[in-house]
Amino acid sequence: AQTVTQSQPEMSVQEAETVTLSCTYDTSESDYYLFWYKQPPSRQMILVIRQEAYKQQNATENRFSVNFQKAAKSFSLKISDSQLGDAAMYFCAGMTGYALNFGKGTSLLVTP
Amino acid sequence: GAVVSQHPSRVICKSGTSVKIECRSLDFQATTMFWYRQFPKKSLMLMATSNEGSKATYEQGVEKDKFLINHASLTLSTLTVTSAHPEDSSFYICSASPMPGDGYTFGSGTRLTVV
């Protein structure tokens, strides 16, 4: 099974600035997927970005990008040009087999 | 994109009664669906894997007789909380995907309150 650790319970960023959320994981698998999900106050889980372990290139989705360090088992999320709508809980998740294992989450506050 | 619908969004029930929550994949077939439970300000905890046409697989510590899962078709999984008690009050979320590697789509969740 894969364990996922998010060591930042809360983070704060000013609007238009950049913030990085940390995530580390542990797995014995060679093939796996990593995800970042966003959960706003509505509690709807929204997929932000995904990374395939065998791809060395870091995934990017508009203002969201990851820094995937496979050897270090690190998978951080960078949010550029932060917007008020980015305020939410962010969960890092790993998938081996079919089930997702989530980290404890990071609450992101965006200040004007 | 893949759409997962979950109903009801909120339910209040009396202690001792049973509550059924539905999870539907609207535009794809799902042989596997997942049920999670989330406590306030906490992460999602996987409860069980729902398998179409066969028994669900429950995570350690989850009472299968309390949380009955039925996956009778390729688009519908149901979670029934039987003989509900106040400690069963929680947020329950389902998820599914036509291509798991592309990421899972989640239902909008069900807030269960047992009084």
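Below, all heavy atoms of this structure are taken into account, side chains as well, without hydrogens, waters or symmetry copies. Per chain, numbering begins at 1; letters A, B, ... match sequence-line order.
- The neighbour count for B/Glu87 CD, taken as heavy atoms of other residues, nucleotides or ligands under 6.0 Å away, is above 12.
- No chain of hydrophobic side-chain contacts below 4.5 Å, direct or via other Ile, Leu, Val, Met, Phe, Trp or Tyr residues, connects B/Met33 to B/Tyr36.
- Contact annotation for B/Gln38: both backbone and side-chain heavy atoms come within less than 4.5 Å of a heavy atom of chain A.
- At most 12 non-hydrogen atoms from other residues, nucleotides or ligands lie less than 6.0 angstrom from NZ of A/Lys104.
- Residues A/Phe64 and A/Val66 share a hydrophobic cluster, clusters being chains of Ile/Leu/Val/Met/Phe/Trp/Tyr side chains in contact below 4.5 Å.
- Residues of residues 42-56 of chain A lying within less than 4.5 angstrom of chain B, judged on heavy atoms, are A/Arg43, A/Gln44, A/Met45, A/Leu47, A/Arg50 in numerical order.
- Both the backbone and the side chain of B/Tyr104 come within less than 4.5 Å of a heavy atom in chain A.
- For B/Lys55, the NZ atom is loosely surrounded, since the number of other residues' heavy atoms within 6.0 Å does not exceed 12.
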Show the numbers, then the answer: is there a side chain to side chain contact (heavy atoms under 4.5 Å, CB included) between B/Leu44 and A/Tyr37?
CA-CA 11 Å; B/Leu44 280 73; A/Tyr37 279 87; over 6 Å; no

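- Here the CD atom belonging to A/Gln39 is positioned 9.0 Å from the CZ atom belonging to B/Phe106, to the nearest 0.5 angstrom.
- By the criterion of side-chain heavy atoms lying less than 4.5 angstrom apart, applied directly or through intervening Ile, Leu, Val, Met, Phe, Trp or Tyr residues, B/Val3 is not grouped with B/Met99; the two fall into different hydrophobic clusters.
- If you tally non-hydrogen atom pairs under 4.5 Å between each of A/Phe91, A/Tyr98, A/Phe35, A/Tyr32 and chain B, the highest count goes to A/Tyr98.
- Residue contact with chain B, scored on non-hydrogen atoms closer than 4.5 Å, is absent for A/Gln6.
- Atom NZ of B/Lys20 is surrounded by 12 or fewer heavy atoms from other residues, nucleotides or ligands within 6.0 Å.
- If you chain together hydrophobic residues whose side chains sit under 4.5 Å apart, B/Phe67 and B/Phe34 never meet in one group.
- Residues of residues 105-112 of chain A never come within less than 4.5 angstrom of chain B, heavy atom to heavy atom.
- Using a 4.5 Å cut-off between heavy atoms, B/Ser108 contacts chain A through both its backbone and its side chain.
- Between A/Phe102 atom CZ and B/Leu46 atom CG the span is 9.0 Å, to the nearest 0.5 Å.
- By the criterion of side-chain heavy atoms lying less than 4.5 angstrom apart, applied directly or through intervening Ile, Leu, Val, Met, Phe, Trp or Tyr residues, A/Val4 is not grouped with B/Met45; the two fall into different hydrophobic clusters.
- Counting all heavy atoms, side chain and backbone alike, A/Gly103 lies closest to B/Ser43 at O-OG, 2.6 Å.
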